[in-house]
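Below you'll find the structure, written out as structure tokens, and then a few comments.
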Amino acid sequence: MLISPRLRFILPAAVMALAVPAFCQPAATYPPEYAKANCDGVGGITAGDFQCFLNIAAAGSAYDAQRPYNALNVAASVSGPTVMVTWQNPGSGFGQPATDRYVVWTGGNVRVDGAATTAQVQPGAGTWTFAVVTRRITPNFVYEPVTAAPTVTATVVTAPPPPAAGWTQFIQDAGSRTMYVSAAGTGTACTEASPCALTQGLSLARNGTTDAVLLKAGDTFNIGTAQLTRGSGTAGKYLRIGSYGTGRAIVRGTFNAEATGIRGVAFTDLEFVGTNAVGSWFVRCLRQKDYLFEGCSFHNNSRAIIFQGFDIQSSGFKVRRCTFYDITATTCDPAGSTNCPQAIYCDLTDDVLIEECFFDKCGIPGNLYTRPVYLQSNNGGGVVRSNVFSRNPAEGFQLRAGGTAINNLCLDNPINMYVGHEGTAQNVIEYNVCMGSGSVGPTNGAWGRGIHYNGPTSCRFNVIAYNGGLGWGNVEGIKADAASGVLSDNWIREWTRDPAWGGQGDPAEARSISTSGGPLTVTNNRVFMGRQGIVLEGSGATDSANQYAEPSGSLPTFRPNATRNGWSPVALPADPNLKALLPGGGIDAYCTLTRGQSRFNWRGELVASEVNKAMRDAAGVAQPVNP
């Protein structure tokens, strides 16, 4: 007979009692439906089971009403190493809103807000299945959708370079585009599989976005003069012009950016190659803000980067991990002027950073007004940190407005660094190494200067060794000119002049320290000279706990007074031969290695901060607490 489902929970116990004789008691067996029906756990099917099921149904209905719905129309697109996963959120009437979504794949997951509709991931090369997992999280429960999470599959051909400490990681905002261009590119697709021309890629980049225009590595782009009129519009975010593939794209020509109000542009991993034409440059920015140059190489041009506020006070100019070499020309522009070759020229700009770059042979030999880095006096100071300035024909760098120079390595520059000619703010010149110098030329005078600074300054823990300049009256290891502050814990070795080199004047006029102005505290410095020279000349200083070693000669050890309190003579220690500690074993070999630095071939042991560690250890100078 058929039994109504509603009566089924009341009748079975009576039916079974009639069907099984009392004297026969085998182990009971029940169908699965019966086990599920025994809801209240009392035993047997009772009227309580019916109420139990009603309670479960009510609780289940309430739970289901709080579940979120899965994302709809899940899709994925690939742009180089980046996968953009997109979806749609259900509208009202489709359950409760999600609080969290997760894009999940083998080896990783990314959480986004429940209202988001996109997520960017970089899983590496391969074919990947991405699930968009939805959750609604409340204080009492974590709710999931009724159905399984939707999935989508995408194939990544180009894996990103492995993350490395110190490199900027560029993550595009949702909705941003990436245009891939090649030297032979055509059409408007601008994808990695079908790249377009550079002019087309630049035209598609949108102002106010983190779009990217990526040039094919190894291709040469003869751009003539390209105008830049777009940027991200936001400090800390960038519209990027860079390379894709392994290595750098080669650029011949000029980028000009002169539109007022543009901000947020990054140049990355490009190789700029010129012909050393008089008055030429690679990138010129007027009235711009928030520009980043990282991982680029600039060589064989009159100038590399010109960044000028021009008629506004700009800000946010950063150059990191770039190489500059053979930046020169046959003459200045015009000839006889002081508008001469420079790797970086910057004026009317605040928040300037030059970091972990390499500058080799930048300038015209024999010209005093040519240099790798010239930050004008109307800048808001600047930070020059952990760079290498080598074999430049005049200065290493000039922070004319003053600022911070920390952990730089200067090699064989006639004037290794000049800080604070017209600035009034506190300068910091610490933990630098200056090895060697040179002479500018007969028309501009001979030099041999380690550190030259003006104004209130902390000049500490610097290593200065092995003058090579022929200056008469301007061979100075540290020149504290109209200076105040602290000059302490510096180590100076053989900042003297060999009589065998020739040149004008008395070789014994070389000075390890020269001071003027004040008040200046000179303490805990060590000066070691194997040849005749002057340990310290000047006034305005209070000295204590300094040491020196110097052979007697025709000139006094100190001037203007032959003796000076706060200095104790010691025996001349052995020369630690610092140049031999350079990677490659010498200056020329080391400079050859530095020219090959790039994101894809980055050797941390060549960076100034790492090289300087070995120099300070050999000299017995303290290491920075936070290098």
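Everything numeric here is computed off the predicted structure, so don't read it as measured data.
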Arg240 charged N/C atom sitting above Phe170 aromatic ring, 6.0 Å / 45°: yes
Donor-acceptor pair, side chain of Asn70 and main chain of Thr147, under 3.5 angstrom: yes
side-chain contact (heavy atoms from CB on, under 4.5 Å) assessment of Leu198 paired with Val213: CA-CA 8 Å; Leu198 176 59; Val213 180; 4.0 Å; yes
Distance (rounded to the nearest 0.5 Å) between Cys357 SG and Phe298 CZ: 8.5 Å
Gap separating the OH atom of Tyr431 from the OG atom of Ser609, nearest 0.5 angstrom: 13.5 Å
CE on Met615 to CD on Glu610, rounded to 0.5 Å: 12.0 Å
Side-chain H-bond candidate by donor/acceptor type, Thr210 with Ser176, under 3.5 Å: yes
Donor-acceptor contact below 3.5 Å, side chain Arg385 vs main chain Ile354: no
Point-to-point distance, once rounded to the nearest 0.5 Å, from CG of Leu353 to OG1 of Thr404: 10.5 Å
Short side-chain donor-acceptor distance under 3.5 Å, Asn612 and Gln623: no
Leu606 versus Phe358, closest heavy-atom pair with distance: O-CE2, 3.5 Å
Short side-chain donor-acceptor distance under 3.5 Å, Thr225 and Thr254: no
Pair Ile306-Gln308, side-chain contact (heavy atoms from CB on, under 4.5 Å): steps then yes or no: CA-CA 6 Å; Ile306 301 171; Gln308 296 179 272; 3.3 Å; yes
Flag for Thr178-Gln172: side-chain donor and acceptor within less than 3.5 Å: yes
Polar contact flag, side-chain donor to acceptor under 3.5 angstrom, Thr129-Thr153: yes
Aromatic plane relationship, Phe324 with Phe359 - under 30° parallel, 30 to 60° tilted, over 60° perpendicular: parallel
Exam field: side chain Asp360 to backbone Tyr325, donor-acceptor pair closer than 3.5 Å: no
Heavy-atom donor-acceptor pair, Asn379 side chain to Thr349 backbone, under 3.5 Å: yes
Centroid-centroid distance, Phe307 to Tyr291, less than 6.0 Å: yes
Ser194 side-chain N/O to Thr191 backbone N/O, donor-acceptor pair under 3.5 Å: no
N/O donor-acceptor pair under 3.5 Å between Trp87 side chain and Ala116 backbone: yes
Worked check of salt bridge (charged side-chain N to carboxylate O under 4.0 Å, His left out) between Glu258 and Arg284: CA-CA 8 Å; Glu258 300 178 3; Arg284 184 175 69 176; 2.5 Å; yes
Stepwise salt bridge (charged side-chain N to carboxylate O under 4.0 Å, His left out) test for Lys361 and Asp326: CA-CA 5 Å; Lys361 292 187 175 180; Asp326 298 335; 5.8 Å; no
Pair Asp100-Arg135, salt bridge (charged side-chain N to carboxylate O under 4.0 Å, His left out): steps then yes or no: CA-CA 5 Å; Asp100 301 78; Arg135 291 291 184 266; over 6 Å; no
Aromatic ring pairing Tyr244/Tyr180, orientation class (parallel under 30°, perpendicular over 60°, tilted between): perpendicular
Arg230 side-chain N/O to Leu202 backbone N/O, donor-acceptor pair under 3.5 Å: yes
Row check, Phe293 ring normal vs Arg320 NZ/CZ: under 6.0 Å, within 45°: no
Shortest non-hydrogen separation from Ser302 to Ala277 and the atoms involved: CB-O, 3.2 Å
Over all atoms of both residues, closest heavy-atom pair of Phe389 and Gly396: CD2-O, 3.3 Å
Heavy-atom side-chain proximity of Val319 to Phe317 below 4.5 angstrom: yes
Check: Phe397 ring centroid to Tyr374 ring centroid under 6.0 Å: no
Pairwise distance CG(Asp290) to OG(Ser232) - rounded to 0.5 angstrom: 7.5 Å
Gln342 side chain to Tyr345 side chain, donor-acceptor N/O pair below 3.5 angstrom: no
Under-4.0 Å salt bridge between Arg248 and Asp269: no
Closest non-hydrogen atom pair between Thr246 and Ala217, with its separation: O-CB, 3.4 Å
Nearest heavy-atom neighbours spanning Arg101 and Pro90: NH2-CD, 4.0 Å
Main-chain N/O of Ala183 paired to Asp219 side chain as donor or acceptor, under 3.5 Å: yes
Side chain to side chain donor-acceptor pair (under 3.5 Å) assessment of Thr127 paired with Thr155: CA-CA 4 Å; Thr127 298; Thr155 299; 3.0 Å; yes
Ser315 and Asp351: side chain donor to acceptor below 3.5 Å: no
Asn407 side chain to Arg616 side chain, donor-acceptor N/O pair below 3.5 angstrom: yes
Stepwise side-chain contact (heavy atoms from CB on, under 4.5 Å) check, Cys362 with Asn392: CA-CA 5 Å; Cys362 298; Asn392 299 295; 3.5 Å; yes
Shortest non-hydrogen contact between Ile241 and Leu270, atoms and distance: O-CD1, 3.8 Å
Polar side chain donor-acceptor pair, Thr323 to Arg595, under 3.5 angstrom: no
Donor-acceptor contact below 3.5 Å, side chain Asn408 vs main chain Ser386: yes
Cys190/Cys196 under disulfide (SG to SG under 2.5 Å): CA gap, chis, key distance, verdict: CA-CA 5 Å; Cys190 300; Cys196 59; 2.0 Å; yes
Exercise: do Asn387 and Glu355 side chains pair donor with acceptor under 3.5 Å: no
side-chain contact (heavy atoms from CB on, under 4.5 Å) between Val352 and Leu375, intermediate numbers included: CA-CA 9 Å; Val352 178; Leu375 304 185; 4.0 Å; yes
Expected output: side-chain Asn276 to main-chain Ile327 donor-acceptor under 3.5 Å: no
Atom pair CG (Asn207) and OG1 (Thr229), whose distance is rounded to the nearest 0.5 Å: 7.0 Å
Donor on one side chain, acceptor on other, Glu294 and Thr168, under 3.5 Å: yes
